[in-house]
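This report refers to the structure that appears directly beneath it.
In what follows, chains carry the letters A, B, and so on, assigned in the order in which the sequence lines appear, proteins first and then strands, with residues in each chain numbered from 1.
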Amino acid sequence: MWIYERKLEYPVKIRTPDPRAASIIVSQLGGPDGELGASMRYLNQRYSMPYRDVAGILTDVGTEELAHLEIVGAILRQLTRNLDAETIAKSPLAAYFVDHTGGIYPQAAGGMPFNMTAVGIKGDAITDLHEDMAAEQKARTTYDNILRMIDDPDVRDPIKFLREREIVHYQRFGDALRRTTERLDSRNFYACNPEFDPGCTVRQKD
Amino acid sequence: MRRLQELDLALIDTGLYLDAYPDNREALCYFKRLGEERERVLAEYERQYGPMTLSSAGETDGSWDWISQPWPWETWEVRETRKGCTPRGTCGNDRKQGGQC
C-alpha cells in the first residue's frame, strides 16, 4: 500500500499563470513518456520480476514516479489558476479547456488521452529493463523539449529537477540490468526469459 | 518544509543506490543518519504546521485537522502562511489530549 504525505517531492512556486506552457507540460502527466505511464510501467512490471533487488528498484522508482505525477499536476494547476475565458480562448489551451475546464486530465500535448499502449510490460526481465532505460531517456528528451520552449524560471526549476531524476533512474535501471545479466549465462544473456523459462538463471547471488 | 524535502530526496536517492548496492557500508550509515534527522525534523514540522500523514492527523481546535491546512499543490503564497500554535481539544482516550500544540 501507499501512504500519502501532504508535501511535494520538490517545491512548485509559479507566480505567473501561462496557458501555453500548461498545454505543453500536460504531456508529462498523461503523454506517451509521462509520469503516469512511468509509474504504471514499473509498478506493474515488478510482480513477475524474479530478482528481489530489481523488484525493489521497480517499487522505489515507481513510487517516486507517483510523486512526480503530483509535481506535474501542481505545475499544471498553478499555470492555469485565475485565468479568464478570453485569455484561454486565444491560447493553445482552448481545445483542452472545452473538455476539462480547469480540471487536470492526463493526456498527451496532442490531445490523446492517457493510453497504456505506450507502456511495455513484457514479463521478461531483460526486455522490461531495456524498456525502462529507454523510457527514462524518452522522458528526459521530452523534458529537454519542454525546456527549449519555456523561459519562466519558476516553471523551468521543477522541470529541471524532474529531468535530473530521469537521468538518475536511467542509471539505476542500468545497474539493475547489469545485476540481472550477472545471473544469466554469459555466453548469451538473451537466449531465454528469466521470468518464465526454467533454468535460465544460472547464478543466484543470495 | 525545505529541509524535509532535502532529507527525503537524499533518502530516496540513497535508497535507490542501496537497492543496487545493498552491502555498501558508507551508504548504509548515511541512510541511517538521514533517517534519524528526518524523524526530528518531521516532528518539529508537524508540531508547527499540522499532520504530514493520515496516521499523525487528529484533533485541533475541536475538529479534524487533516483538512485544515493547504494541500501541497495550492499556491505557495497560501502554503507558507504559518499556522498559529493552538491547544488541541480533549476527548476520552485521545492520545493527543492535554493542551499540547
Side-chain angles (χ1 to χ4, degrees), chain A residues 1-17 51-65 67-82 104 154 158 161 164-165 168-180 182 205-206, chain B residues 1-24 27-28 31 34-35 38-39 41-58 60 64-83:
Chain A
M1 76 165 283
W2 277 263
I3 295 168
Y4 183 68
E5 287 191 354
R6 51 186 310 147
K7 71 176 181 42
L8 297 175
E9 188 195 2
Y10 189 86
V12 178
K13 301 175 179 182
I14 296 168
R15 280 166 284 206
T16 318
Y51 312 119
R52 195 168 288 154
D53 52 338
V54 180
I57 291 172
L58 290 169
T59 300
D60 294 344
V61 176
T63 299
E64 192 181 347
E65 304 296 5
H68 295 174
L69 188 70
E70 188 185 33
I71 293 176
V72 177
I75 292 172
L76 294 171
R77 170 61 187 159
Q78 294 182 22
L79 284 172
T80 55
R81 72 187 199 276
N82 301 332
I104 303 300
D154 287 354
F161 170 80
E164 288 287 317
R165 299 306 294 163
V168 170
H169 291 169
Y170 176 81
Q171 289 166 333
R172 295 280 75 87
F173 284 131
D175 267 339
L177 179 61
R178 181 183 53 75
R179 296 174 69 82
T180 298
E182 276 172 4
K205 193 169 175 265
D206 36 40
Chain B
M1 175 59 90
R2 189 59 191 239
R3 183 64 191 144
L4 205 51
Q5 283 168 323
E6 287 168 0
L7 285 167
D8 278 341
L9 178 60
L11 279 162
I12 287 169
D13 220 18
T14 312
L16 283 181
Y17 180 83
L18 281 165
D19 288 344
Y21 302 93
D23 303 321
N24 186 302
L28 284 165
F31 190 86
L34 288 169
R38 184 192 200 272
E39 226 172 286
V41 173
L42 176 65
E44 175 62 19
Y45 177 88
E46 288 190 321
R47 198 180 63 76
Q48 284 193 35
Y49 298 103
M52 177 64 72
T53 56
L54 187 72
S55 60
S56 57
T60 301
W64 178 234
D65 60 14
W66 180 241
I67 51 172
S68 57
Q69 287 293 296
W71 293 105
W73 54 88
E74 292 182 78
T75 53
W76 61 286
E77 292 93 342
V78 179
R79 191 162 65 243
E80 291 188 349
T81 306
R82 191 189 159 110
K83 182 186 162 194

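- A donor-acceptor pair under 3.5 Å links the side-chain atoms of B:Gln5 to the main chain of A:Leu8, judged by distance alone.
- Residues passing the salt bridge (Lys or Arg N to Asp or Glu O under 4.0 Å) test with A:Asp175, sequence neighbours excluded: A:Arg172, A:Arg178.
- Within the 4.5 angstrom heavy-atom criterion, atoms from both the backbone and the side chain of A:Ile57 approach chain B.
- Residue A:Asp60 holds its CG atom at 11.5 Å from CG of B:Leu11, rounded to the nearest 0.5 Å.
- Taking CZ of A:Arg165 as the start and CG of B:Leu16 as the end, the distance is 6.5 Å to the nearest 0.5 Å.
- Proximity to chain B (any heavy atom under 4.5 Å) is restricted, for A:Phe161, to the side chain, taken from C-beta onward.
- Of the listed residues (B:Leu18, B:Thr53, B:Leu54), the greatest number of heavy-atom pairs within a distance under 4.5 Å of chain A belongs to B:Thr53.
- B:Tyr21 OH to A:Arg179 CZ: the interatomic distance, rounded to the nearest 0.5 Å, is 7.5 Å.
- Atoms CD and OH, on B:Glu6 and A:Tyr10 in that order, are 10.0 Å from each other to the nearest 0.5 Å.
- Between B:Trp73 and A:Ile104 there is no side-chain heavy-atom pair separated by less than 4.5 Å.
- In terms of the side-chain contact (heavy atoms from CB on, under 4.5 Å) criterion, B:Glu39 has no residue partners (sequence neighbours excluded).
- Options A:Glu5, A:Glu9, A:His169, A:Arg77 differ in how many heavy-atom pairs under 4.5 Å they form with chain B, and the most are formed by A:Glu5.
- At a heavy-atom cut-off of under 4.5 Å, chain B is reached by A:Glu70, A:Ala74 from residues 67-76 of chain A, listed in order of number.
- With sequence neighbours left out, the ring-ring contact (aromatic ring centres under 6.0 Å, His included) criterion links B:Phe31 to no other residue.
- The aromatic rings of B:Trp71 and A:Tyr4 sit tilted relative to each other, their planes meeting at an angle between 30° and 60°.
- Residue contact with chain B, scored on non-hydrogen atoms closer than 4.5 Å, is absent for A:Val54.
- The two atoms that bring B:Ile67 and A:Arg6 nearest to each other are N-NH1, 4.3 Å, heavy atoms only.
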